[in-house]
Amino acid sequence: MNDALPRDFIRQIIHSDLETGKHTAIVTRFPPEPNGYLHIGHVMSICLNFGVAEETGGRTFLRFDDTNPGKEREEYVEAIERDVRWLGFDWDERLTHTSDYFDALYDYAEQLTRNGLAYVDSLSADEIRAHRGTLTEAGKNSPYRDRPVEDNLDLFRRMRAGEFADGEHVLRAKIDMASPNINLRDPALYRIRHVAHQHTGDKWCIYPMYDFAHTMSDALEQITHSLCTLEFEDHRPLYDWLLDQLKPEHRPRQIEFSRLNLAYAITSKRKLNALVDDGVVSGWDDPRMPTIAGLRRRGYPASALREFVKRGGVTKKDKLIEMAVLENCIREELDFSAPRRMAVLQPLKVVLTNYPQGQVEMMPSSNHPNRPEFGTREVPFSGELFIEQDDFMEDAPKKFFRLKPDGEVRLRNGYIIRCDEVIKNKAGEVVELRCSYDPDTRSGTGTSDRKVKGTIHWVSAAHALPAEVRLYDRLFTVPDPNAAEDFMAVLNPDSLATARVMLEPSLAELGVGEAVQFERLGYFCVDSVDHSAKAPAFNRIVTLRDSWAKVEQQAIAQRG
RNA sequence: UGGGGCGUGGCCAAGUGGUAAGGCAUCGGGUUUUGAUCCCGUGUACCGCAGGUUCGAAUCCUGCCGCCCCAGCCA
């Protein structure tokens with residue numbers, strides 16, 4: 001793939017900081033809150049944060065932003081680590097938690113308080129909200145705003161000591177209740193929460209708020225560039241205010257970029273959760289989910305995801321990227337790396353009437369037409385085969401290059417056959433084709449160089465490996481389900497179809513994580529959860545591009 | 001009606017005063033024992049709109065319009 005280094009505005013800033021000597025090494029961080037699974041949107045943040053460090057010889061922290069105990073779980077920590085690692089990034093020993101810094105954070109809070117820049121407010125949450133004002137009206141000072149420093153210190157210490165109940169007091173920064181930026185209207189720094197923390201246990205009953213904890217954690221980790229999404233733009237003045245007041249040795253800089261939104265997908269944690277809870281999908285790793293776990297189980301290669309993010313770019317513009325971009329990345333990677341195999345999704349029996357009774361030939365078949373180093377495999381061929389139902393049409397349009405009555409077609413890696421007779425059941429459905437093969441046309445060794453227009457795939461009936469294949473499609477019917485009034489109302493009812501299929505026998509050896517191309521159909525992989533030797537289960541990763549689909553529609557339309 | 005952002009072809013995106021890269025998609029064509037891949041070709045982009053500065057503007061200035069974000073003791 002093309003490896004020209006992207007030069008988005010963030011990388012421009014970073015390179016400039018390196019050139020001017022402002023920094024000698026870049027330090028970034030990917031700071032998820034362990035309260036859910038990572039999704040495609042996070043892939044961008046991960047690639048950006050780890051990417052810029054990697055490109056410049058810097059380093060990146062994987063920091064769990066765990067300042068809200070009760071909503072965070074160890075299960076998510078493990079999943080996040082697995083996902084980041086799977087994407088191809090490594091944090092070495094730089095795995096941290098915001099909770100690792102609770103002591104230091106507390107000291108910073110006391111410092112602020114001592115300097116008269118923070119105070120303990122005893123208003124209720126509702127009262128604080130009322131005092132905050134609105135978007136267009138200034139807020140009002142809390143009656144506790146001018147509490148003496150000593151009282152604030154005493155109260156804050158007692159908050160920490162557990163003398164108060166949840167909500168009784170809160171530590172607030174003393175900034176400006178009239179600021180047009182609501183984040184500067186004396187934001188809360190610490191709240192009381194008598195909840196055991198997954199890491200610190202019962203040591204604390206007060207926990208720092210995001211803005212405070214994140215800013216100072218960045219400083220403590222000596223982060224040089226704190227990259228986050230656009231919605232935190234309004235928080236930057238607070239970020240900078242904290243750094244201005246506390247003057248840590250290292251001053252990080254926050255830079256915001258726009259989220260990556262994928263068409264026909266949803267990334268809201270709440271909505272994703274609803275899909276799981278309502279059983280719309282089988283779980284967080286359902287192959288239709290935009291979670292990293294889902295994408296992985298679907299069979300999307302990590303490298304393709306990285307490429308996708310790269311193509312999307314880093315900007316500040318709201319974007320909704322077409323699914324086609326992602327699919328192109330997937331196909332590009334898989335076309336290069338996936339061995340070819342044959343499988344029939346909708347079997348139609350074909351009997352070769354002139355093929356020697358009981359004969360079986362092993363047909364050498366290329367594993368990759370464009371990469372001879374992939375070698376070949378032997379595929380059993382016999383007088384009874386399955387072909388795809390779609391590859392036969394009784395009343396075919398002119399441009400139908402497949403099998404039709406009295407027509408010829410090439411069996412991939414096999415022979416040219418002619419359809420002599422169509423057998424139907426009582427319902428008039430085609431259930432079997434009687435064909436004759438041309439012995440002179442064996443692939444590779446045939447004495448005839450006769451050409452036919454079409455080539456179709458097949459599987460020998462006696463050797464076929466029955467399996468279940470899940471055919472996935474987009475989860476929603478509209479490009480921007482986030483904008484839908486009710487996202488549950490725009491679910492695609494056909495996002496999953498399962499089929500009983502016939503596979504070429506070599507597919508029995510395919511392992512989890514290995515993707516193959518079922519020729520003419522698409523890319524598939526073994527399902528990491530439901531697959532077993534007795535009950536093989538495959539997932540369709542993505543279809544092949546299908547220009548015939550368009551031609552077919554036109555042809556059908558023309559026939560009226 | 002406060003503040004902060006953003007607006008370049010269908011979707012992304014380069015471009016940072018000198019006369020609009022590239023990718024994806026689309027539509028043609030070539031090669032092909034995958035209607036795949038690959039290879040060619042394909043868009044008059046009034047650079048949100050209107051003014052202005054300039055020899056010259058997507059790039060600078062002014063005004064307007066549109067979209068997104070913010071009133072958690074969530075992150």
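What you see is a predicted model, and the numbers here were worked out from it, not measured in a lab. Every chain is numbered from 1 and lettered A, B, ... according to where its sequence line falls, protein lines coming before strand lines.
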**Prompt:** Aromatic ring centroids of A:His197 and A:Phe102 under 6.0 Å?
**Reply:** yes

**Message:** One thing to verify: whether A:Arg377 and A:Glu504 come together as a salt bridge, which I'm taking to mean a side-chain N less than 4.0 angstrom from a carboxylate O.
**Reply:** yes

**Nearest-nucleotide pick for A:Asn370, side chain only, options being B:A36, B:A25, B:C73** = B:A36

**Prompt:** Is a donor-acceptor pair below 3.5 Å formed from side chain A:Glu322 to base B:G10, judging by atom type as modelled?
**Reply:** yes

**Asked** Given the C1' atoms of B:C70 and B:G10, what is the spacing between them in whole Å?
**Response** 32 Å

**Message:** At 4.0 Å (heavy atoms only), tell me whether A:Lys269 reaches a base, stays on the sugar-phosphate, or touches nothing.
**Reply:** nothing

**Prompt:** If you measure from the C1' atom in B:C60 to the same atom in B:U54, how many Å do you get, rounded?
**Reply:** 9 Å

**Asked** Is B:G9 paired to anything, Watson-Crick or G-U wobble with both distances less than 3.5 Å, and if yes, which nucleotide?
**Response** none

**Prompt:** If you look at every strand shown and take non-hydrogen atoms under 4.0 Å, does A:Met342 touch a base, only sugar-phosphate, or nothing?
**Reply:** nothing

**Request:** Scan A:Phe400 against the nucleic acid and name what it touches under 4.0 Å (heavy atoms): base, sugar-phosphate only, or nothing.
**Result:** base

**Prompt:** Roughly how many Å is it from CG in A:Leu155 to P in B:C73, rounded to a whole number?
**Reply:** 18 Å

**Message:** Regarding B:G35, can its base be found pairing with the side chain of A:Arg520 as donor and acceptor, where the two atoms are less than 3.5 Å apart?
**Reply:** no

**Message:** Just to be sure I understand the rule, does A:Gln12 reach a base, reach only the sugar-phosphate, or reach nothing, if contact means heavy atoms closer than 4.0 Å?
**Reply:** base

**Message:** Ring centres within less than 5.5 Å and planes less than 30° apart: is that true of A:Tyr210 and B:A75 in this structure?
**Reply:** no

**Message:** Are A:Tyr119 and A:Tyr144, when compared by the centres of their aromatic rings, separated by less than 6.0 Å?
**Reply:** no

**Message:** Taking any heavy-atom pair under 4.0 Å as a contact, classify A:Gln517: base, sugar-phosphate, or nothing.
**Reply:** base

**Prompt:** Quick one: do A:Arg402 and A:Glu388 make a salt bridge, cutoff under 4.0 Å?
**Reply:** no

**A:Arg545 vs B:U26: side-chain N/O to OP1/OP2 distance below 4.0 Å** = yes

**Prompt:** How would you label the contact of A:Asp65 with the nucleic acid (heavy atoms, under 4.0 Å): base, sugar-phosphate, or nothing?
**Reply:** sugar-phosphate

**Message:** When the P atoms of B:A71 and B:G56 are compared, how many Å lie between them, rounded to an integer?
**Reply:** 47 Å

**Asked** Between A:Phe381 and A:Tyr437, does the ring centroid distance fall short of 6.0 Å?
**Response** no

**Item:** Quiz item: A:Asn181 side-chain donor-acceptor pair to B:G4 base, under 3.5 Å
**Value:** no

**Request:** Answer with base, sugar-phosphate or nothing: what part of the nucleic acid does A:Pro237 contact at a heavy-atom distance below 4.0 Å?
**Result:** nothing

**Item:** Watson-Crick or G-U counterpart of B:A50, or none if no pair lies under 3.5 Å
**Value:** B:U62

**Asked** Taking OP1 and OP2 of B:A36, is either one under 4.0 Å from a side-chain nitrogen or oxygen of A:Ser547?
**Response** yes

**Message:** Can you tell me if A:Arg331 touches the phosphate of B:U37, counting only side-chain N or O atoms and a distance under 4.0 Å to OP1 or OP2?
**Reply:** no

**Request:** Scan every strand shown for a Watson-Crick or G-U wobble partner of B:G43, both distances under 3.5 Å, and answer none if you come up empty.
**Result:** none

**Item:** Sugar-phosphate, base or nothing in reach of A:Arg129, heavy atoms under 4.0 Å
**Value:** sugar-phosphate

**Message:** Does A:Ala324 reach a base, just sugar-phosphate, or nothing at all? Heavy atoms under 4.0 Å.
**Reply:** sugar-phosphate

**Request:** Run the numbers on A:Arg311 and A:Glu332 for salt bridge (Lys or Arg N to Asp or Glu O under 4.0 Å), then give the verdict.
**Result:** CA-CA 13 Å; A:Arg311 290 187 193 180; A:Glu332 195 169 292; 2.9 Å; yes

**Message:** Less than 6.0 angstrom separating the ring centers of A:Phe30 and A:Phe61, yes or no?
**Reply:** no

**Request:** Answer with base, sugar-phosphate or nothing: what part of the nucleic acid does A:Lys399 contact at a heavy-atom distance below 4.0 Å?
**Result:** base

**Item:** Given B:U26, B:C24, B:G3, the nucleotide with the shortest approach to the side chain of A:Lys550
**Value:** B:U26

**Prompt:** Using a cut-off of 4.0 Å on non-hydrogen atoms, how would the nucleic acid contact of A:Tyr207 be classed: base, sugar-phosphate, or nothing?
**Reply:** nothing

**Message:** Would you say A:Lys319 places a side-chain N or O within less than 4.0 Å of OP1 or OP2 belonging to B:C11?
**Reply:** no

**Fill in**
Relative to its sugar, using the 90° cut-off around 0, the base of B:G72 is syn

**P gap between B:G2 and B:A58, integer Å** = 31 Å

**Message:** Using a 4.0 Å heavy-atom cut-off, does A:Ile321 contact any base of the nucleic acid, only the sugar-phosphate backbone, or nothing at all?
**Reply:** sugar-phosphate

**Message:** Can you see if the side chain of A:Arg410 gets near the phosphate of B:G35 - specifically, an N or O under 4.0 Å from OP1 or OP2?
**Reply:** no

**Message:** By the 4.0 Å heavy-atom rule, please label A:Thr67 as base, sugar-phosphate, or nothing.
**Reply:** sugar-phosphate

**Message:** If I pick the C1' atom on B:G15 and the same atom on B:C73, what distance separates them, to the nearest angstrom?
**Reply:** 46 Å

**Request:** Remember a base hit wins even if backbone is also touched, and classify A:His169 as base, sugar-phosphate or nothing at under 4.0 Å, heavy atoms.
**Result:** nothing

**Message:** For A:Arg259, I'd like to know if atom CZ has over 12 heavy atoms of other residues, nucleotides or ligands within 6.0 Å.
**Reply:** no

